[in-house]
Structure formats: structure tokens, C-alpha cells
Amino acid sequence: MKLYNSLSNKIEEFVPIVPNEVSMYVCGPTVYNHVHIGNTRPMIVFDTLRRLFEAQGYQVHFVSNYTDVDDKIINKAREEQQEETVIANRYIEAYQAIRDSLNIEKLSATPRVTQTMPEIIAFIGELIDSGYAYLVDGDVYFRVSKVANYGELSGQNIDDLQVGARIEENSKKENPLDFALWKVTDMGIKWSTPWGEGRPGWHTECVVMINKEFNKHTIDIHGGGMDLKFPHHENEIAQSEALYHTSIANYWLHNGMLNQDGEKMSKSLGNVVWAKDFIARLGSNVVRWLMLSAQYRSPLNISDDTIETAKTELNRVFTVLKQVDVKAQREQISGQESFDQEAFDHFIKAMNEDINTPNGFMEIFETMKVLNRELRQQPNDWNRITGLRNAIIKMLTVLGIVYVKPILTAEDTEQFNAWEAARLAKDYQKADEFRQALSAKGLI
RNA sequence: GGUUCCUUAGCCAAGUGGUAAGGCAAUUGACUGCAACUCAGUGAGCACCGGUUCAAAUCCGGUAGGAACCUCCA
């Protein structure tokens with residue numbers, strides 16, 4: 001398996017820390033609102049990566065967090081005159097519902113900031129003790145200049161960053177690039193620490209959760225959206241380098257952004273599409289197919305055209321599978337358990353090139369073509385047909401797409417037979433009626 | 001101003017030195033009672049200019065256009 005590592009900007013052969021095991025972490029949402037479809041791209045991409053590993057015998061330990069302490073949550077809570085936990089819990093539930101509806105495999109753990117506070121406070125304490133963090137009026141900031149490789153991930157150097165950095169008014173920081181580990185606060189949820197009451201900064205939690213959930217300082221894969229590269233991931237690395245001399249993960253993976261009709265989705269443009277609405281409209285299968293139609297690092301544009309194309313393509317895949325299953329039942333073929341390993345291997349090989357889903361799709365289409373030919377060959381080679389069918393279904397499983405096999409009822413079978421009989425008798429009006437009935441049931 | 005990246009047929013999208021995958025749409029043919037499904041065929045020389053090379057969409061330089069990031073947006 002080859003993966004593009006954002007840390008080296010190169011495609012590298014994936015070598016796990018522990019043979020046949022993969023530890024991966026993806027930054028989760030700040031739960032202050034529903035998520036939009038852009039947020040579903042990392043969910044789908046990294047779930048697909050996980051499935052790809054699992055299809056090859058890896059055991060995957062996959063953790064993603066919930067940021068349930070944040071200014072945005074506090075603001076939302078004030079707006080609604082609710083407790084912050086009510087807000088957070090509401091959107092955590094909503095997020096989980098999205099995961100379920102997108103057929104995302106169950107995560108190993110979904111830690112929350114509020115449940116990780118002792119560790120976060122201890123971690124910040126260590127950074128202070130070791131001189132990597134300093135106190136100003138109860139706030140704690142990370143001293144960026146003390147980390148030699150700061151900027152490694154985003155490919156920037158500290159001097160360039162400083163030129164571009166917006167200088168905050170009345171900044172208490174030694175350096176504008178220094179980031180907050182702890183903020184003193186008088187509003188919202190807060191915890192008491194040796195240096196004062198307040199709440200943690202965003203960048204610390206992920207590091208602490210990784211250390212805690214995996215019980216080690218270096219994991220295999222850390223993923224997230226391209227926009228998190230700087231400063232969030234850069235800052236995670238800085239903290240980990242400071243205390244543990246490791247960049248947390250051997251492979252850093254970043255998915256490209258999602259655009260709507262060529263524009264970035266944003267509230268100001270008024271083109272935000274909520275994930276729940278999008279999934280309700282198109283269904284999980286189409287959404288996943290659409291999200292995987294471009295390689296994960298490329299930007300992906302969502303438009304009516306790309307949505308229609310995804311629907312049509314996926315429909316073709318399901319059509320041939322359905323035709324196989326209907327025909328097998330009508331001809332009472334059973335007991336075939338064959339599997340076309342070669343076709344499946346082609347698919348895996350394509351996918352192993354840095355999750356090259358477009359080439360994975362290509363292998364599905366190629367396999368479909370062979371299957372369509374076989375299905376129209378007389379006599380049918382059911383061993384071959386079943387093997388191809390099962391291979392395609394397994395490919396879809398890696399993509400997280402679910403195919404439901406149609407089960408013919410006695411009535412269905414009768415209608416098929418009647419359709420055929422009417423055709424033979426050249427009673428086309430009657431034939432069309434049966435055809436339409438079967439079509440309405442999605443059987444042809 | 002800095003950093004990273006992109007520009008491949010009407011549309012989506014692979015390919016990163018050896019002569020352009022796949023899909024959608026279109027179109028021709030076969031199959032069909034008609035149709036759908038399906039199969040077979042048709043279509044680009046890779047933004048532009050210049051360079052390196054026996055050979056470039058692929059490497060280098062430049063031009064034009066576009067995107068993301070530069071303190072908390074996946």
C-alpha cells in the first residue's frame with residue numbers, strides 16, 4: 001500500500017509500526033452545529049482507507065474525537081440559553097447519525113475533550129515545566145520558537161509565517177505564532193488548574209487523545225482535511241516533538257476540499273448543503289460513490305452534473321448484479337460460492353496506489369463488462385458469473401457501498417413467466433403490463 | 001507578501017519520461033415485438049511559450065488562469 005505523506009510530500013510505501021495492525025486518528029468535529037457535506041469527505045475517505053486495510057487482513061484501530069469545548073459551542077449555548085452540554089450532546093448525536101447513515105464502520109473510540117481533562121491539564125503542565133509553554137495572566141501559550149522543525153508539515157519557515165501573521169491587538173504573546181494551550185475564562189464551562197480557571201485550546205486535545213487512546217506517542221496515520229494542516233496539525237506536531245520527540249504519526253494524510261458548483265461552501269455565499277439533507281436526498285451509496293469519484297487529495301466539485309453521473313454509474317453497477325441474482329433465482333441456480341480473486345486483486349492493486357478510487361472504479365467497470373458478456377453467453381457459466389458477481393460486491397464493500405440482493409417472491413416469478421409467455425404469444429399489450437409491474441418493483 | 005497545489009475530450013476523471021485508463025453525455029451498429037439493459041465502434045495529443053532528451057501530458061524555466069492555507073473552517 002502506498003500513501004502520500006504530507007510530511008514528506010512524497011508517496012511512500014506504508015509500513016505499519018506493528019505488523020498487520022494500523023493505528024489511525026482523524027480530527028473530529030467541533031460540535032456546535034450540524035455538519036455540511038464537506039465534512040463528510042474525510043469521514044468517507046478515511047473509512048474507505050480503513051476498509052481497504054481490513055480487506056487485506058489488517059486490524060485497524062481507528063479513533064476520532066469530538067471537540068465539545070469551544071467558543072462556538074459557548075456562543076451557541078448563550079444564543080439558545082442552554083447548557084453547553086446540551087448543545088454538544090445534540091450535535092454529537094447528529095454527527096453519529098450521519099456516520100451511521102453513511103455506513104461508516106464503528107470507530108474504536110470517540111473521545112471527548114470534557115472526558116479527557118485530567119490528561120490535557122497534565123500535558124499542559126508538562127509543557128510549562130519543560131519550558132515549551134509560558135504563562136501570561138493565567139493563559140498558557142506554546143513557545144513555537146523553541147521547536148526546531150516548526151513549519152515542517154506546512155512547508156513554511158517561521159520567518160515567512162511571521163510576516164504573514166495577523167498581529168492581534170494587545171497580544172500578550174511573545175511571538176504572534178505562539179498558540180494558546182489554555183485560556184482563562186469567566187464564561188462557559190471551565191476547569192481549575194494550578195495556573196487558573198479556564199478551558200483548553202484546540203490544538204492540545206488531539207495530541208493528548210492520541211497518547212491516551214493508543215497508549216503510545218507515535219501512531220501510523222493521522223488524517224484530516226487539507227485546511228487543518230496549518231496551524232492545527234503543525235501545532236500538534238510541535239507539542240509532540242516538544243515532549244516526546246515524535247511527529248505523532250508516521251503518515252500524515254490530508255483530503256482535498258469540497259466545492260459546490262466551483263465555489264467553496266460557506267455561509268456567506270449561502271451555498272451550504274447540510275449533510276443530513278444531502279444524504280436523505282441521494283442515499284448513502286450515491287453520496288459515497290460521488291465522494292470517491294475523484295482521488296481524495298484533489299479538490300472535489302459537487303454539481304448537478306456530477307451528482308447525476310454518480311447516480312447513473314452506480315445504477316449500472318447495481319443493474320448487472322440484480323440481473324445476475326434474478327436470473328439465478330429464476331433458473332434455480334444455487335450453491336455457487338465462487339469468487340474471482342483475480343478481478344478483486346486488480347481492484348485492490350489500483351486502490352493501493354494512494355487510495356486511487358478512480359482507478360478502483362475503472363476495475364469495477366471492467367469487471368462489470370466481463371460479467372455482462374458472461375450473462376449473455378449461452379450456456380451460462382454460473383461458476384464464472386458468480387465469481388465475478390461476488391468480486392464486484394466485495395469491491396463495493398471496500399467502498400462502503402451496500403448492495404441488497406433482490407429476493408424473488410412466488411408472485412415475481414409468476415410475473416416473469418407470464419411476461420415471457422405473453423411475449424411468445426405476441427400479446428405485447430399484456431407483455432408490457434408485466435414488464436412494467438416488474439420494472440416498478442426494481443427487478444428489471 | 002509567503003507557502004502548497006492545480007489546468008487532460010461537451011462534462012467528471014486516471015496517467016508523472018516511451019507514444020493518452022475508465023465513466024457520463026453524444027453518435028453509429030448489434031440485440032429487442034418496440035424499448036430498456038447490454039455489447040461492439042466513433043471522439044482529445046494533454047492551458048500557452050521556450051528548453052532538456054533519441055523520446056515529454058509527464059522533467060526545467062517562463063506566461064496566463066484558478067484553488068487552498070498563513071491562529072482555531074474537514
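Everything quoted here is computed from the prediction, not taken from an experiment. Residue numbers begin at 1 in each chain, while the letters A, B, ... track the order of the sequences.
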At 4.0 Å (heavy atoms only), tell me whether A/K311 reaches a base, stays on the sugar-phosphate, or touches nothing. nothing

Looking at A/K183 and B/rC72, is any side-chain donor or acceptor paired with a base atom of the opposite kind under 3.5 Å? yes

Cation-pi, A/Y32 ring and A/K76 (6.0 angstrom, 45 degrees): no

Walking RNA chain B from its 5' end, the first of A/R41 and A/P231 to be reached, judged by nearest nucleotide, is A/P231

Set out, line by line, the N/O atom pairs under 3.5 Å between protein and nucleotides 21-25 of chain B.
unit_1: B/rA21; atom_1: N3; unit_2: A/N359; atom_2: OD1; d: 3.3
unit_1: B/rG23; atom_1: O3'; unit_2: A/R316; atom_2: NH1; d: 3.2
unit_1: B/rG23; atom_1: O2'; unit_2: A/E313; atom_2: OE2; d: 2.0
unit_1: B/rC24; atom_1: OP1; unit_2: A/R316; atom_2: NH1; d: 2.8

Test: salt bridge (charged side-chain N to carboxylate O under 4.0 Å, His left out). Region: residues 270-287 of chain A. Which pairs qualify, not counting sequence neighbours? none

For RNA chain B, determine which residues of residues 279-303 of chain A have any heavy atom closer than 4.0 angstrom to one of its atoms, and list them numerically. A/S293, A/A294, A/Q295, A/S298

Please list residues of residues 371-387 of chain A whose heavy atoms come under 4.0 Å from any atom in RNA chain B, ordered by number; otherwise none. A/N372, A/R373, A/R376

Mind checking A/G224 for me? I need base, sugar-phosphate or nothing, with any heavy atom below 4.0 Å counting as a touch. sugar-phosphate

Applying side chain to side chain donor-acceptor pair (under 3.5 Å) to A/H36 and not counting sequence neighbours gives A/N39

Measure from the side-chain N and O atoms of A/E353 to the backbone N and O of A/K349, and report whether any donor-acceptor pair falls under 3.5 Å. no

Of all the nucleotides listed (B/rA74, B/rA14, B/rG33), which has the minimum atom distance to the side chain of A/W419? B/rG33

Establish, from distance only, whether the side-chain atoms of A/Y25 and A/N65 form a donor-acceptor pair under 3.5 Å. yes

Any salt bridge linking A/R99 with A/D47? Criterion: basic side-chain nitrogen under 4.0 Å from a carboxylate oxygen. no

Residues in contact with RNA chain B, drawn from residues 250-258 of chain A - heavy-atom cutoff 4.0 Å: A/N255, A/G256, A/M257, A/L258

Is there a donor N/O on one and an acceptor N/O on the other, under 3.5 Å, for the side chain of A/D427 and the base of B/rG33? no

